[in-house]
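Chain identifiers are assigned alphabetically (A, B, ...) following the order of the sequence lines, protein sequences preceding nucleic acid strands; residue numbering begins at 1 within each chain.
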There are 2 protein chains.
Amino acid sequence: MQVPYETDISTFVERLVAHELPGGRGLEAWSSLLRAHATLLRQLETDLERETGLALADFDVLAQLANGGGELRMTELADRALISRSGMTRRVARLVIEGLVRRSSSGTDARGVVVALTDAGVARLSETAPVHARGVAKLFVARLDDKELAALRSALDKVTLDCSFG
Amino acid sequence: MQVPYETDISTFVERLVAHELPGGRGLEAWSSLLRAHATLLRQLETDLERETGLALADFDVLAQLANGGGELRMTELADRALISRSGMTRRVARLVIEGLVRRSSSGTDARGVVVALTDAGVARLSETAPVHARGVAKLFVARLDDKELAALRSALDKVTLDCSFG
DNA sequence: CCCGTATACTTGCGACTGCAAATACCTTGC
DNA sequence: GCAAGGTATTTGCAGTCGCAAGTATACGGG
């Protein structure tokens, strides 16, 4: 491709992008989404780990199981936690070793595995959920009013895809 | 912690969380943020890789460099790309091997490294930027009107932290 | 009843990540 | 002009990830 060296690279790329996104429309919002997500998750992760010793990824599995009534299938769990099935296989394996979760085979489908919270898992979740909730409250919810939260949710749901992992 | 087995686990955890987030306020918005981010990035990543052979992470480095006028220091690059400095060291190393980027020492600070786009890097960015922009346009911008984009940006900027990596 | 295909999950693999420690250089105070 | 402490970057390491392929089970048509 012919590159016009006489102009600034930044404005050159801007022109290329403008063909798809006139005036760079929506680009600041997109970039804000990336930044907010990255910085918030980073902070929540380190806070939770420091205060409770539990990794956010592991907390998420426990929380999803609780939301699911205490037990879920592997695929369902992976979908809810937004990671791949193979990733969930290993996460669950780690949690089983820690005794926070139990695996049993599904009664109706011998291919299936049901993952359930153990008593220790429920206890661990009980300790950690308030800490994480406090983090989300302080860093996210407290900085926004009801209107902003509703707008955020509405807009984000419009751009959410329903693709799963392999 | 004493766990009331007689009640549902889901409502039990809900009660624990309600102490920090009355009524679970903002929790749907938070979950929407996580879902939107995960699904969008997954799709954009696979689309870009399939159509251009470039990983989104590598594209991001090239784009940040272009935005920075063609060259940036490692730390600045890592901050903009929202990853750790050590991660950026390795990404840049890969891009140097591919010939898309060049490393040179800063004139004024012998500790510093300046990363710059090569001609090949500019060319690669020119091929890939429209593809990525089209993806962002189709999956994100097109689904929202100007008001929603502005609200999204405003709300997300309010919750963005300014922490860096180690 | 059995074959072909679809689904549920796991494993081999290669690649990427961040943290902490190490290295190299700058800067300030004295 | 040099020691002490700060900054920029890289490397050792251990952990995690997703993809593709593999295993095991379910199911539908002949």
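- Not a single donor-acceptor pair under 3.5 Å links the side chain of A:Thr52 to the backbone N or O of A:Glu49.
- Residue pairs satisfying the ring pair (Phe, Tyr, Trp, His ring centres under 6.0 Å) criterion with at least one member in residues 25-49 of chain A, sequence neighbours excluded, are listed as follows: A:Trp30-B:Phe140, A:His37-B:His37.
- Partners of A:Arg35 by salt bridge (charged side-chain N to carboxylate O under 4.0 Å, His left out), not counting sequence neighbours: none found.
- Sorted by residue number, the members of residues 85-115 of chain B with any non-hydrogen atom under 4.0 Å from DNA chain D read B:Arg85, B:Ser86, B:Thr89, B:Arg90, B:Arg103, B:Arg111, B:Gly112, B:Val113.
- Across B:Gly26 and A:Leu149, no two heavy atoms sit closer than the pair CA-CD1, 3.8 Å.
- A heavy atom closer than 4.0 Å to some atom of DNA chain D occurs in B:Arg73, B:Met74, B:Thr75, these being the qualifying members of residues 72-79 of chain B.
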Would you sort out whether B:Val13 and A:Asn67 count as a side-chain contact (heavy atoms from CB on, under 4.5 Å), showing the intermediate values?
CA-CA 8 Å; B:Val13 172; A:Asn67 269 333; over 6 Å; no
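- For the pair A:Ser32 (side chain) and A:Glu28 (backbone), a donor-acceptor distance under 3.5 Å is present.
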Would you check, one step at a time, whether the test side-chain contact (heavy atoms from CB on, under 4.5 Å) holds for B:Asp58 with B:Glu98?
CA-CA 11 Å; B:Asp58 290 341; B:Glu98 295 182 50; 3.9 Å; yes
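- Across all non-hydrogen atoms, the minimal contact from A:Val131 to A:Glu51 is CG1-OE1, 3.3 Å.
- Ion pairing of B:Glu127 with B:Arg124 is present here, as a side-chain N (NZ or NE/NH1/NH2) and a carboxylate O approach within less than 4.0 Å.
- Under the rule for a side chain to side chain contact (heavy atoms under 4.5 Å, CB included), the partners of A:Ala120 that lie at least two apart in sequence or sit in another chain are A:Leu100, A:Thr118.
- Contacts between residues 37-64 of chain B and DNA chain C, counted as heavy-atom distances below 4.0 Å, involve no residue at all.
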